[in-house]
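Contents: one structure, followed by commentary.
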Amino acid sequence: MAVKIKLKRLGKIRSPHYRIVVADSRTRRDGRAIEEIGLYHPVQNPSRIEVDSDRAQYWLGVGAQPTEPVLAILKLTGDWQKHKGLPAPAPLKVAEPKAARPSFEALATADEPKGEAITQKKKAEKKDEAAEAASESTEA
């Protein structure tokens, strides 16, 4: 029985994510797997790649053949070079943690006036002007 290390597709139509699985070569793409040894999420930026290195080394050592996409992933993680005895590649790019946004309370404690409006209401100004005009007309 020939064993392959291949990708098992999951996710919605335009949002794929994959599991790296060890399966019989005759099974279909999303069929039954012997073992899951990793994850691959190509839509995330940067792509999320997680491989259980010990299990990948075991299956490669027993003769499991990786498909082309899995071979590329194994070369990125360095598992293929480890299996072949070659020098390790450069480390993968890791996503930076997002900076926490300041809370509403922290922003409210800034040096800002509280409770009063900064500009005067326009209706009050119009009434004052009308009262002044009326008093001027009665005096004349």
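Counting only residues at least two apart or in different chains, salt bridge (charged side-chain N to carboxylate O under 4.0 Å, His left out) contacts with residues 49-61 comprise Glu35-Arg55, Arg48-Glu50. Contacts classified as side chain to side chain donor-acceptor pair (under 3.5 Å) and involving residues 61-75 (residues at least two apart or in different chains) are not found.
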Could you walk me through whether Ser47 and His41 pass the side chain to side chain contact (heavy atoms under 4.5 Å, CB included) check?
CA-CA 6 Å; Ser47 299; His41 296 263; over 6 Å; no
Working for side chain to side chain contact (heavy atoms under 4.5 Å, CB included), residues Ile20 and Glu36
CA-CA 6 Å; Ile20 302 170; Glu36 294 179 3; over 6 Å; no
Can you check side chain to side chain contact (heavy atoms under 4.5 Å, CB included) on Val21 and Leu7, steps first, answer last?
CA-CA 6 Å; Val21 298; Leu7 295 176; over 6 Å; no
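The same ILVMFWY cluster, assembled from side-chain heavy atoms under 4.5 Å apart, contains both Tyr58 and Ile73.
Atoms NZ and CG, on Lys4 and Asp24 in that order, are 11.0 Å from each other to the nearest 0.5 Å. In this structure, Lys6 NZ and Asp30 CG are separated by 9.0 Å, a value rounded to the nearest 0.5 Å. To the nearest 0.5 Å, atoms NZ (Lys82) and CG (Leu60) are separated by 11.0 Å.
Side chain of Thr77 to backbone of Leu74: a donor-acceptor contact under 3.5 angstrom is found.
Proximity of Val43 to Pro16: side-chain heavy atoms (C-beta onward) are separated by under 4.5 Å at one or more points. By the 4.5 Å heavy-atom criterion applied to side chains, Ile5 and Leu71 are not counted as neighbours. Side-chain contact between Leu39 and Ile49 is absent, with no heavy-atom pair separated by less than 4.5 Å. Inter-residue side-chain proximity for Pro69 and Tyr40 is flagged as unmet; no heavy-atom pair is nearer than 4.5 Å.
Minimum interatomic distance between Ala33 and Ala23 (heavy atoms only, all atoms of both residues): CA-CB, 4.1 Å. For the residue pair Gln57 and Asp79, the shortest heavy atom distance occurs at NE2-O, 2.8 Å.
For Trp59, there are no ring pair (Phe, Tyr, Trp, His ring centres under 6.0 Å) partners at least two apart in sequence or on another chain.
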